[in-house]
Each structure stands twice: as structure tokens, then as C-alpha cells.
Colleague: 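Questions regarding the structure given below will be posed in turn.
The figures that follow rest on heavy atoms only: side chains count, while hydrogens, waters and symmetry mates do not. Letters A, B, ... mirror the listed sequences (proteins, then strands); counts begin at 1.
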Protein chains: 2
Amino acid sequence: MASTTDIASLAALIGNPARAAMLLSLLGGQALTAGELAEVAGVTPQTASGHLEQLRAAGLIRAWAEGRRRRHALGSGEVAQLLEALHLAVPSLASTPPQALAAAPDPAPRRRAPLALREARSCYDHLAGRVGVALAEALAVEGDVGGALSARGEAALRRWGLDLDTLRAPVQGRRPRVFCRPCLDWSERRPHLAGALGAAILTRALETGWLRRTPGARALSVTPAGREGLRRVFGVD
Amino acid sequence: MASTTDIASLAALIGNPARAAMLLSLLGGQALTAGELAEVAGVTPQTASGHLEQLRAAGLIRAWAEGRRRRHALGSGEVAQLLEALHLAVPSLASTPPQALAAAPDPAPRRRAPLALREARSCYDHLAGRVGVALAEALAVEGDVGGALSARGEAALRRWGLDLDTLRAPVQGRRPRVFCRPCLDWSERRPHLAGALGAAILTRALETGWLRRTPGARALSVTPAGREGLRRVFGVD
DNA sequence: GCGACATTTCGGGCTTGACCGAAATGAGGA
DNA sequence: TCCTCATTTCGGTCAAGCCCGAAATGTCGC
């Protein structure tokens, strides 16, 4: 059982502006180097190094060597959920992009999210943006995103090649993962799909070439094949 | 306008052990006085007063006068979700690699939760503990707690008097609330039901006298009528 | 109004930890 | 091998904020 001190010290880690900026910048799902993280946090590399070690020790991030630099990513889906929850608990922040916060430590004017980010982007390990929301709504039983998949949605996913039974089955020895979880989208104000299913959808969409990562950005671009496929298989436009 | 610092300062608030203890003690859904909160936090009333004012200003708690004392409760469901998310992100509770477990420096004296709390308790606004978990599993489609309600579960809830259609319909002008959301139970390690449905179930169980609040504690006691009703209506023992 | 109790305000001591400059370590590339 | 670049370690400074004692404010019961 987690004691209150565990929880307090975890929160205290996120409570430092530099560390918070680093974590938020990792929420897009990409792995960044220590130098990049130092920059988004607005601190020197020495300082950043200290912060990263603390975050790593607490399990908030994972890190691995890559040549002479070191890449860092969020530690787990729980951490991503935690950051989302934190974001939703700030009254004034409900509709601001979490990652944009990291890049805008100044009192930024109320800007709309860039078009590309609103269209499609990755949210930790799943698909967000207009496309993510539309897909979620197409798959769910009327008005119940994150609840039951509709029969038609389930059939479409199977036709597309997802092995839903395997996804649903808990993996022996690992903590069971929520199959289908709603994640509130800050650009659309409507939920999209996270959880094991959400992650599998994003993976498959990248595999099949429906979506492509934009180098150096969180936005995903929908390929012509993707646009066509989304309409044909899922009725999403 | 909002910036990273909003998120960081929110986390920093929870990052103080005294404030964290206060917030967690409110997670049971009951409203406590400043004095009681000072005690659970292990600080003097002066100190507690300062903390409570900070928490209130940030929206983490609500407070109101009640005679010559002041009661405090969690500010919103988002705050409760945030605390749950924090709890789940603590490494000692999250999935830990086996080798790390072997190398664990301090095999913490794994204390079990008190019996009453394990049996039934409120978790912010919904039902947790053994009863909460059993009920969730009885209502859900096999192995999919937080996903679809089974036809039988849905029928049982309606028979019991819950108006599921109204619960599902978003209230005009208010942020839509997730209908049915899994909340991982720390005593059972299995999910129970939160969200609008979870809250409605707890409310109705208190109304019908199936459950009773234990004054001064988070535990709920199951009445004889409740035990009988749970078995008859939901097949839960 | 008076005394008891709950809470808040004020002021000062003290610890914690964020930060940077300087220097060390380690991996690539020529 | 030597040089460069990314990152880490060390040491010392400084500000933030936690905490309590004392005293003030406010409410209740009589």
C-alpha cells in the first residue's frame, strides 16, 4: 500500500516547474535527449541532469543510452494518466494543450492549437485529435465512448486486422491493462480512446501507412491511403 | 493565462506531506473540520489553517462554515481522480520488474488494510472495497469492468430503481461526466465502478439502507437488508 | 456579556533543495 | 590518437516555504 509520503514525494517531483515542463514535453510519446529537455525546461544541462535522475529513480521516466546521448521517455501509461489528471484538475487549463504548456513558460496569449495538432497527433501511446475523436465515436455504442464497442465497431476492427481477443486477454504475470479507456481531448473537448485498444489502433495505423509521424513534431499526418481507409472501414471522414 | 507553472504549482501543493495527508483523508468523500485535518496531517492548527487556505485557493478542496467550525471536502471529481492517478503512479504499487523486486532495499512490512475498510468503504463518491469490486464484476460483461454492462447487470440495476437513461444523458451546460469508469481498488487490486454510475449506486445503496456510513470513519457497514438485497438483486455475496 | 472552543493572522527560525560555474567522464568521428 | 560534443559530478550560494509560539478573530452556550 502506498503511504502518503510516497504520494507526496511523487507529487513534489512534478511540483518543480522545470521537471513539470520536461514531463509535459514527453507526453506526446516521443523520447527526447537530456539536452532537449534542458532547453524546454529552461535550465542548464547540469541542472536538468539532476532532475532527470530524480524522475528516473521515481519511475516517472525511463532513460536509455543512444550513442553519446541519452534518450528519455515517460515511464509508463500510469504516468501519462497522472499528467492528464493533473491537467484536468487545473480549473483554468481544461482546454489548453498540455504539451504546449512546456513550450510556453511565458504568459502566452490564448492561442488555438496548431491545425496539424488538432487534426491528428499521438497522446502518449494512442491517437488523439479530430481523427482520434471521430474514430472513437464511430466505434462506440451511441454516446458511450470508453464504454462498450458497438457490434459494428467491433466487426470493423477485426476486419482491419486487430486481434481483439488477444488484446482483451490479460497477459500472464503482468498487471492487467484497461482494454478501452476514454481520454479527454483538449482540442476537441470530447473523449478519444486510450488503453490497450487505443494503443493497438495507433500502432496498426502506423503499420498500415494510414498515419505517418512528422519528424520532430507530435502531429501525425493522415496519408491519402489513410483517409480512404478510414472512410471505407470505419465510416470516418 | 495558464502555463506549466499552473500544473507544477498544483502538484507542488500535493507535494507537501501534510497537505497530501489531508487530501487523502478526504478521499473517502466525507467533509472534515480543520481540527481533524490538522490531526491527520500531524501539524498544529495554525499550520493546517495555512495549508487549507492554499488548497482552497487552488480548487483542490471546498470549505464552508458550520457553526464555529469549518468543514472541508474535496473540490471536485477531477481532484479525486487526480489523487487516484497519483496513487497508481507510485512505483511500489505499479508494475515493478521482478529483478527490481528482488533487489528491493527494504522489504517494507506489508501492512494490510483494516478489515472494515477492506469490506466496504466510500471512495470519494462511489463504492469501493470487497463489496464494490464484487458488484462491479457482477454487473460487467465477463472480465471487462468499466467497459460494457452485461444485459443481466443492466436489467438488475433498472429493477433496483436506477434510471440509467437519465444517468447516461449528458446534462445540458455541464461538462459531460463519464458514465462508467473503472477505479483501481488498493485493497483488492481489482477495479470497481466510478463515474456517474458508481456515484448513483452508492447513493441508492445508502438511500435504501443497504449500506450505512460509520460516523468518523471511511468504512461503510453493510446492513442485514443490504446483504440480503445484494444477493437477491445482484447475486453478490 | 463572559468564558470556552475553533480557527486565523503575524512574525521569526530553520531546513530543504534548485540553481549555476567549473571540472570530470564517456562516446564518436577524423 | 586527439578533439568535440553530450552528459554527469562536485561545491557553494541563495531563496522559498514549512513550522510553531503568541495573539487576534469569531461563534456558541449560558
Colleague: Does A:T33 reach the main-chain N or O of A:R70 with its side chain, forming a donor-acceptor pair under 3.5 Å?
Modeller: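 No, A:T33 side chain to A:R70 backbone: no donor-acceptor pair under 3.5 Å.
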Colleague: Is A:S9 reaching over with its side chain to a backbone N or O of A:T5, donor-acceptor style, under 3.5 angstrom?
Modeller: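 Yes: the side chain of A:S9 pairs with the backbone of A:T5.
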Colleague: Could you state the interatomic distance from CG (B:L193) to SG (B:C123), rounded to the nearest 0.5 Å?
Modeller: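 The distance works out to 11.5 Å.
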Colleague: Inspect the contact between A:R227 and A:E119 and indicate whether a charged nitrogen and a carboxylate oxygen are less than 4.0 angstrom apart.
Modeller: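 Yes, charged N to carboxylate O under 4.0 Å.
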Colleague: Counting only heavy atoms and a strict 4.0 angstrom limit, can you tell me which residues of residues 67-74 of chain B come near DNA chain C?
Modeller: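 Under 4.0 Å from DNA chain C: B:R68, B:R69, B:R70.
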Colleague: So, B:R69 and B:E66, do they make that salt bridge, N to O below 4.0 Å?
Modeller: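 No, no charged N to carboxylate O under 4.0 Å.
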Colleague: Is the backbone N or O of B:G209 less than 3.5 Å from a side-chain atom of B:T223, with the two atoms forming a donor-acceptor pair by type?
Modeller: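 At least one qualifying donor-acceptor pair exists.
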Colleague: Using chain A heavy atoms and a threshold of under 4.0 Å, write down where along DNA chain C the contacts begin and end, 5' to 3'.
Modeller: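 Answer, 5' to 3': C:dA18 to C:dG28.
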Colleague: Could you point out which residue of B:L37, B:L83, B:L13 forms a side chain to side chain contact (heavy atoms under 4.5 Å, CB included) with B:L23?
Modeller: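 The side chain to side chain contact (heavy atoms under 4.5 Å, CB included) with B:L23 is passed solely by B:L83 among B:L37, B:L83, B:L13.
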Colleague: Between atom CD in A:E39 and atom P in D:dA6, what is the gap in whole Å?
Modeller: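 In whole Å, D:dA6 P lies 12 Å from A:E39 CD.
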Colleague: Give a yes or no answer on whether the side chain of A:R71 reaches the backbone of A:A31 with a donor-acceptor pair at less than 3.5 Å.
Modeller: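 Yes, the answer is positive, given that a donor and an acceptor are paired below the 3.5 Å cut-off.
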Colleague: For the pair made of CG in B:N16 and P in D:dC20, what is the distance, rounded to whole Å?
Modeller: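 Taking CG of B:N16 and P of D:dC20, I get 11 Å after rounding.
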Colleague: Is a donor on one side and an acceptor on the other found under 3.5 Å between the side chain of B:R121 and the backbone of B:L127?
Modeller: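 No; judged by distance alone, with no hydrogens or angles, the pair does not exist.
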Colleague: Mind checking the CG-CG spacing from A:L86 to A:L82? Nearest 0.5 Å is all I need.
Modeller: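 Spacing of CG (A:L86) from CG (A:L82) equals 6.0 Å.
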Colleague: Near DNA chain D, counting only heavy atoms under 4.0 Å, which residues of residues 45-55 of chain B show up?
Modeller: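 Per residue number, the list reads B:Q46, B:T47, B:H51, B:Q54.
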